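One structure is given below, encoded as structure tokens.
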Amino acid sequence: MNVLTYDRGTLILKTDFLISDLLNIFRFDERINAYRCYAYHYSRVLKIFEKIDLEIEDNVLDLVKCNWNIRKNISLRGYQSEAIDAWFKNDCKGIIVLPTGTGKTRIALAILSKLMEPTLIVVPTIELMKQWYNKIQAFFNVPIGFYGGGKKNIRCITIATYDSAYINIEFLGNKFKLIVFDEVHHLPSPGYRQIAEMSAAPYRLGLTATPEREDNLHLDLNTLVGEIVYSRRVSEFPRKYLAEYRIETIRVKLSEEERKLYLENMEKYRRYLEKHNLRLRSIRDFEKIIMKSGLDREAREAILAWHNARKIAFNAVAKIDILKEILSKHRGDRILIFTENNEVVRKISTNLLIPEISYKTDDKEREKILSGFKKGLINVIITSRVLEEGIDVPDANVAIILSGTGSKREFIQRLGRILRPKDGKQAVLYEIITSGTKEIRVSRRRRKI
Amino acid sequence: MLPSQLLIARVKGGFIFPKYAYFRQRYILLASELIELFKKSVGRKRKILLDKINELEEKAFRNGFDYRFARGLIHILLRKTIFDKGDVKVDSLKARLEVFYEVNRVYNGFVLNEEERNRVFKKVAGKLNITVPELIKSFYSTYEEEDTVKEFKPISPIELLKQYNLSLTQTLLFKALNMTINFIATGAEVKILLYNAKRLGLMYMADQIDENTVRLNIDGPASILRQTQRYGTRLAKLIPYIFSTRKWSIKARVERKSGRKYLFYISDRYRFLFPQIDIRMEEYDSMVEMTFYKRFKTLGSGWNIFREPEPIIVNRKIFIPDFSFTKNGLKVYLEIVGFWTPEYLRRKLQKLSQLKNINIIIAVNENLSCAKLFKKLPHEVILFRDKLPTPEVYLRLKKYFPEKKVKSRLSKKKMIVIPKEFKEYLSKIDECLLKDVLNEGKKYGLKNDDILDILNKMNFKMDWKTIDINSVKIYRRRDKND
């Protein structure tokens, strides 16, 4: 008798004999005297048994009990229906690539309404958890659970952060028929990929605007989620779905004093590199210096000098003045200010009395600020990182970037934030850069989308 | 446990070893300086504490300390510190929202100078009926740095260094792929270790290394599919349980960021570096066990009884019977099978059926639906109802003595002349307290052990309803088949 069960992210096969097709998947586990494989092989294993016409007792799935009601029908645009069809045609597996602001969530909801099966939705941030929750609530009458942000309850539809899903997948892995990965480009990392590997869910949907990763790991998405079944880039998009926008880059000079300090610090850092014949070709090289700086005083001073120089570039006094100028020009507009530096966030928030959203902001306050922004009680928000991905900020039409890390994806997504359709309104993205500093190189790198 | 960037470890020839804090003068000095700083900071703002910490950290670094070491100590001290938001007139969130809404109403969402800013605070303060400084306090109180240090649980410098060393070990193991431990431990210690390994979703395989030493290989279900750091944090959580055993050594394969793998090895030779760990144990698994243990102790049977004896290995799994009995170098185990999930009972039955060359009595609650299956085990099996009858166990124990010995004991028994008066005394009894009979027997120089045998022979039944031997009753059996 062949018996297939689920065990903490893996499948266990008890069998008297094994054919070669299965040997490619399973490995013998002497701890339990049975065969074991990662749970994501589940549908493949069933197919093999079907093919060789062998009976198998399948005890893998232990699905969450579900009771659905559709509140409101989901209307779809042409390309959205195309994407959904393509996904269904591919055996309910695969990735849909669409630019930010073109309704990826809506596509997922339409798929949910057709399947009406227990579903796990994995998202990068707590903010996105809440956003998915609101959208699901608007269309369905269905119990919704959360994993992440201190919550842990499993329901018919369960929304989890990548971090929480990684930790809890051993328990969650056989409770759902469909697993949705929002911002699926996060998935292939050595840790997060285990969410896909340890889940038995036969149906898989990945959503992203930018599937590529610099480390090429996105190639693994084929086996983890499925191939790309539908893809359209920003340039292919008819303008009517996206607001018009323009980018204005403003260069800011350092003050005499700032410039002097900046150069001093950079010089110190450079001298250290030269003296020790170090060349920085990658982040790894830089990390090595940081490692050394634990005990090595010289290395530590060099790192401190580098930090100081960066801080000066990010914090340039003139940037604050320019910011004030831009703000005055856009009185009454809905404005989002981004800066990666938490000190800058705090400084601007307390000086200009602009509400801040950072990783330290209390949950309740964050919620109030975001809903205030939607209702028009709040016009301007300054934020460090939390709004990064796919957050709905409905009708912001001005974005100001005060600093950035130089990652390509981040730039697109921040840009995407103001690309929301809004009747006839032109959106502006300002980028304020300190000239004559390292930061410019960061900004140039970003623009090569 | 520390954030992984604070791990300090040396790598040499395929081995990795944490840089432990030995109790050198300068380490103790830094530790006590930090502890003093925390003590002094009670009642102050968090940001003042943090500033002072930074100063001390910088000073330590200038004096040749690894800054990760100083930060590690600080990390542990911060965990012993309680912060407090302090009293505010108006809830922080409310105050802040009022300010932001006002800024939005009057200035479109931002103020451009100090004057506008003051005007907003004044207006909102008036609206909330508080003073401007009170409003400002409420407004800022949301920021962590504004918290007050409410309480700090003091600790000695040596204890701090010991806790640091434990944390360092655990932090190293976050990146562990698997772990092998050798140990000598009591059944209770092993039980709690395995219980926690199971609770954490880990798996093990056990081997007997020598008479006392057991080796466990611990990893997780997916470990045979791919080496993974997934279980590292959980392996680290087992460390305190291992450290609390009598003798131990730990071997772990640790993967570093570079992808290279190293071996970490440590043994109880280093025990002095770590805090004394007391693991609180569940006293008994069930009432049945507790009552049985106490009754048997008072029985005066000549057998020594031990709870949760050292582990036995069956098919590379560990089995810890509930009790062991020893007498004249002979050892017999007792396993009590009570109510459990069918799955658990099935596994237990399988484990027991694989036991070989071991003296074991199995006591099964006869109300269990699968009690009959246990009856077929190749061991002494007792079926019991609510309480495990102590004399029954005692009688079964006697069976384990080699034939000859049993005989000699029997003949010796026969040679026990039941004093006439005692026999007479018993014949008059239908029901009485056991302790009275024991006292009576003593008068004729009889041992408790012998008296129990006599009672049994004379068809008395003991009613072991209570733990207290003083209230145990005996009565004459009416039905021989009972």
Side-chain angles (χ1 to χ4, degrees), chain A residues 7-10 12 26-33 36-39 166-167 169-171 190-191 194 197-198 284 287 290-291 293-295 297 300 323-324 327-328 330-335 337 346 348 350-355 360-362 364-365 368-369 372 376-382, chain B residues 5-6 8 19 58 61-62 64-69 71 92-94 96-97 99-105 107-114 116-117 120-121 136 139-140 142-145 201-205 217 219-226 228-231 233 257-259 315-317:
Chain A
D7 177 37
R8 293 167 283 182
T10 63
I12 296 175
F26 284 96
R27 198 175 275 188
F28 187 71
D29 188 346
E30 59 169 330
R31 296 170 301 182
I32 50 165
N33 260 317
R36 198 190 281 275
C37 73
Y38 271 115
Y166 167 77
I167 293 167
I169 192 62
E170 290 167 46
F171 168 70
Q194 295 179 19
E197 289 168 338
M198 302 184 101
R284 274 296 300 161
E287 276 173 359
I290 292 187
M291 294 266 278
S293 72
L295 258 182
R297 198 152 132 193
R300 183 171 158 101
L323 174 69
K324 285 184 180 174
L327 287 173
S328 326
H330 285 281
R331 269 191 195 283
D333 276 344
R334 315 179 62 71
I335 306 166
I337 308 166
R346 178 64 46 85
I348 291 171
T350 52
N351 285 345
L352 309 193
L353 298 182
I354 295 169
K360 277 185 170 171
T361 306
D362 165 77
K364 255 197 215 147
E365 185 165 331
K368 284 277 181 196
I369 292 169
L377 291 168
I378 283 168
N379 274 354
V380 189
I381 293 177
I382 181 159
Chain B
Q5 67 267 24
L6 294 188
I8 317 175
K19 196 166 171 264
E58 198 53 39
F61 181 73
R62 305 246 166 244
F65 284 102
D66 192 319
Y67 83 91
R68 290 171 295 181
F69 170 59
R71 278 208 193 152
S92 172
L93 177 59
K94 187 171 172 167
R96 291 173 65 81
L97 287 175
V99 168
F100 294 140
Y101 293 160
E102 177 67 18
V103 171
N104 216 59
R105 256 194 307 272
Y107 301 103
N108 294 110
F110 50 90
V111 296
L112 290 179
N113 52 52
E114 204 54 22
E116 290 178 355
R117 194 169 179 271
V120 170
F121 278 128
I136 289 179
F139 184 86
Y140 278 91
T142 190
Y143 303 132
E144 226 179 30
E145 307 87 275
L202 298 170
M203 298 176 81
Y204 73 89
M205 283 212 277
N217 280 300
D219 54 15
S223 298
I224 62 141
L225 305 171
R226 188 197 306 140
T228 165
Q229 297 176 1
R230 176 171 196 87
Y231 307 109
T233 318
K257 233 182 173 177
S258 59
N315 251 358
R316 306 201 71 185
K317 291 281 158 216

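All values reported here derive from a predicted model rather than from experimental measurement. To find a chain, count down the sequence lines: A is the first, B the second, and so on, and within it residues start at 1.
Contact of A:Phe28 with chain B is made through the backbone alone, with heavy-atom distances under 4.5 Å. With a 4.5 Å cut-off on non-hydrogen atoms, A:Ile348 does not touch chain B at all. Proximity to chain B (any heavy atom under 4.5 Å) is shown, for A:Glu365, by both the backbone and the side chain. Contact of B:Thr228 with chain A is made through the side chain alone, with heavy-atom distances under 4.5 Å. Looking at A:Leu323, neither its backbone nor its side chain comes within 4.5 Å of chain B, counting heavy atoms on both sides. Both the backbone and the side chain of A:Ser328 come within contact range of chain B, judged by heavy atoms closer than 4.5 Å. Proximity to chain B (any heavy atom under 4.5 Å) is shown, for A:Lys324, by both the backbone and the side chain.
The heavy-atom pair separating B:Leu6 from B:Arg68 by the smallest distance is O-CB, 3.9 Å.
Put simply, of B:Met205, B:Arg230, B:Lys317, B:Arg117, the one with the most heavy-atom pairs under 4.5 Å next to chain A is B:Arg230. Across A:Leu327, A:Ile12, A:Asp29, the residue that shares the most heavy-atom pairs under 4.5 angstrom with chain B is A:Leu327. Heavy-atom pairs under 4.5 Å with chain A were tallied for B:Gln229, B:Arg316, B:Arg226, B:Glu116; the largest tally goes to B:Arg226. In terms of heavy-atom pairs under 4.5 Å with chain A, the best-connected choice from B:Glu114, B:Gln5, B:Glu102, B:Glu58 is B:Glu58. Highest contact tally toward chain A, considering only B:Phe110, B:Tyr204, B:Tyr107, B:Tyr140, is held by B:Phe110 [criterion: heavy-atom pairs under 4.5 Å].
For the pair A:Asp362 (side chain) and A:Lys364 (backbone), a donor-acceptor distance under 3.5 Å is present.
Partners of B:Glu145 under the side chain to side chain donor-acceptor pair (under 3.5 Å) rule, at least two apart in sequence or in another chain, are A:Arg346.
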